[in-house]
Amino acid sequence: MKPKQLWQREKRGLFIILLSLAITAIILAIFPSKAAAAIAEPVFTTGENIATQVQPLGTTTISGNLVYRWQVLTNIEGCIVTNSPPKRYQYAQWYGTSWIYSGGGGFGPCETGGFFALAGQTIGVTISNTNEGYFCLFWGTGGVTLNEPLHKKRVCVYQSASLTYEPYTEIPLVYPPLPVIDPKTGVANFETRFTNIDATGASTSIALDIDYYLNTDEYGTTNRPDMIQASFIKQGGLFTSDEQVHLQRKLILPLVTGNNATLMPVAHDFDDGTYTTYVNFWNITTNGVTFPATNIVFEFEIDGGVIVSETIISIENGLTAADEITYQECSLTNLSGCFVNALIYLFVPSDGSLDQFLSLWEQVRTKPPFGYITGVIDQLEAVDTNATAAFTFGDVPFQNEIFSPLKTLFATGLWFVYAIYFLIRVQKIRL
Amino acid sequence: MITDVLVLFIYYFILLIVSVISLAGDVTISGSISAAIAAVKPYYMSLDMIFPMVTLLAIFAIQIVFEGAYIGYRLLKWAYTKIPGIT
């Protein structure tokens, strides 16, 4: 067959494939980054109201306890903590009919499996102490099985010492991030908090060697479990019961004073297998300044009790300086600046003109036909991420050696069959 | 400025459509969807031990995007042919 004939026969298929890729690219480029970032997680500035999706209703008393209540307008899941001295965590249990019970201090909700998923409901958290501070409802897209940091999104109310309710609109909670200072050079480093991570040791004494920068305000802070934690997920879900207890809890890691590298002893008895490690540097407030959350995802494989491989999957520092197009000085000695300014003025759209599209989406996201899609997505995101397998094969000898190649074989077969189907489908397309 | 004006035109065009759509009531999705998924997930995880469920989901996603693109193209083409003078 001549190339021209081949082109005539296959051009419509190629066109549709290119169209599919373009649509996928548009969805990936625009929807999650711009719309989701701006709508679901607004850019916070000092003193700005951050309660865009959860409406505090005030307080009520249930069983003799003061309860803060929120009307949740959109789907959320996560856990509830307080974020003010003294550090006191309120952990949420599954929402029943009207409120969430809070536990005692000193426990993070995500350590105790206290996740919740809510939509269009009124919830509350019991305030059982009289400490002044911010009480926050935090939510994220999942639990320890996802690599997004927990506590990423939040809405807070302020509780004064006299237990009076303060309007949420007056909460100056989240501050713009500051650059992290490289302690070696003293230079502001906008690019990274984490620089490297290694797993060392053998199965009974694994340690994480984590290199990260601290800001000068963070020096001297030690033993801050609210600042940095790590969790481990064994791939394949074939835990022994003992491992499961250890691996699904978050480990509290210490901070090293004035240093940018530390060895985190993990010291659990890891069986052979591949482990995904999530290390989160959460938003914390030091001396009145909140630093941005960062996380690192890391994999290591243990075989025969020895670490045989390790890979850094991703480092999300949340500190990358934005590449902003800015006006330059226009003068006789800098004529190029004048041209740059003119081009910016003529062709660079303002943030406001683009952001107004986001409000359009908010108006229709719950309306047909979009509401059917967003509603289903919200429902899917509300699924408990901590589900355990309905049945397992127990501790079968060589199970990894058997199942891993089998899965690879099945996956290869699936792709092969799909490729054939896809080719046949493309040929049947009418343009 | 030029881009802003173009963006503004597009914005008002979409606003016109959105205003009509906004007149419709909110869609109510039954909470039983997440309950159903949650009920299925343990079995999904069990199956995932030996069968590459992620691959299956990826194939479904690719096919849905592909067919969506095709339908979108057909719709655009249909609308295009409705313009007077174009056959």
Side-chain angles (χ1 to χ4, degrees), chain A residues 15-17 19-24 27 117 119 236-238 345-350 353-354 356-357 360-361 363-364 366-372 374-376 378-384 387-393 399 402-403 406-408 410-411 414-415 418 421-422 425 429-431, chain B residues 1-8 10-12 14-15 17-56 58-63 65-70 72-74 76-77:
Chain A
F15 178 75
I16 294 296
I17 290 170
L19 194 62
S20 305
L21 290 174
I23 289 175
T24 305
I27 291 171
L238 299 172
Y345 176 71
L346 288 174
F347 297 111
V348 176
S350 63
S353 65
L354 294 176
Q356 62 191 354
F357 287 97
L360 290 178
W361 171 242
Q363 289 178 48
V364 296
T366 58
K367 309 290 183 187
F370 309 105
Y372 294 107
T374 55
V376 169
D378 287 347
Q379 290 285 330
L380 291 177
E381 286 181 349
V383 174
D384 177 18
T388 52
F391 56 87
T392 64
F393 296 96
Q399 56 190 2
I402 295 170
F403 292 141
L406 261 182
K407 281 184 77 171
T408 309
F410 284 136
L414 277 173
W415 282 118
Y418 179 67
Y421 165 79
F422 191 75
R425 177 74 185 90
I429 280 176
R430 289 186 302 111
L431 288 182
Chain B
M1 185 186 72
I2 293 172
T3 315
D4 270 341
V5 170
L6 286 174
V7 168
L8 204 62
I10 297 169
Y11 171 75
Y12 280 112
I14 298 176
L15 182 63
I17 300 169
V18 163
S19 302
V20 176
I21 294 175
S22 300
L23 297 176
D26 285 349
V27 169
T28 306
I29 300 286
S30 167
S32 53
I33 290 178
S34 80
I37 300 288
V40 165
K41 192 165 184 195
Y43 299 98
Y44 167 92
M45 293 176 70
S46 296
L47 262 179
D48 190 54
M49 290 178 193
I50 54 173
F51 193 80
M53 297 300 288
V54 174
T55 307
L56 204 60
I59 288 174
F60 275 129
I62 291 170
Q63 191 59 26
V65 170
F66 178 79
E67 296 294 347
Y70 181 50
Y73 166 76
R74 301 274 295 178
L76 279 175
K77 190 181 174 190

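Everything numeric in this text was worked out from a predicted model, so none of it was measured. Residue numbering restarts at 1 for every chain, and letters A, B, ... go by the order of the sequence lines.
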- The reported gap from CZ in A:R425 to CD in B:Q63 (rounded to nearest 0.5 angstrom) is 7.0 Å
- Task: Under 4.5 Å, counting heavy-atom pairs only, tell me which of B:G25, B:S19, B:G72, B:A58 racks up the most with chain A.
- Result: B:G25
- Item | Separation of A:I429 CD1 from B:F66 CZ (nearest 0.5 Å) | 3.5 Å
- Donor-acceptor contact present, side-chain A:K407 to main-chain B:I50, <3.5 Å: no
- Message: Contact between B:F51 and B:L56 at the side-chain level, heavy atoms closer than 4.5 Å - yes or no?
- Response: yes
- Message: Out of A:T366, A:T408, A:L406, return the one with the most heavy atom pairs under 4.5 angstrom to chain B.
- Response: A:T366
- Item | Which atoms of B:I62 approach chain A - backbone, side chain, both or neither, heavy atom under 4.5 Å | both
- Part of A:Y418 within contact of chain B (heavy atom distance under 4.5 Å): side chain
- Item | Full working for side-chain contact (heavy atoms from CB on, under 4.5 Å) between B:I59 and A:L414 | CA-CA 8 Å; B:I59 288 174; A:L414 277 173; 4.0 Å; yes
- Winner by heavy-atom pair count (cut-off under 4.5 Å) against chain B, out of A:F370, A:Y372, A:Y421: A:Y372
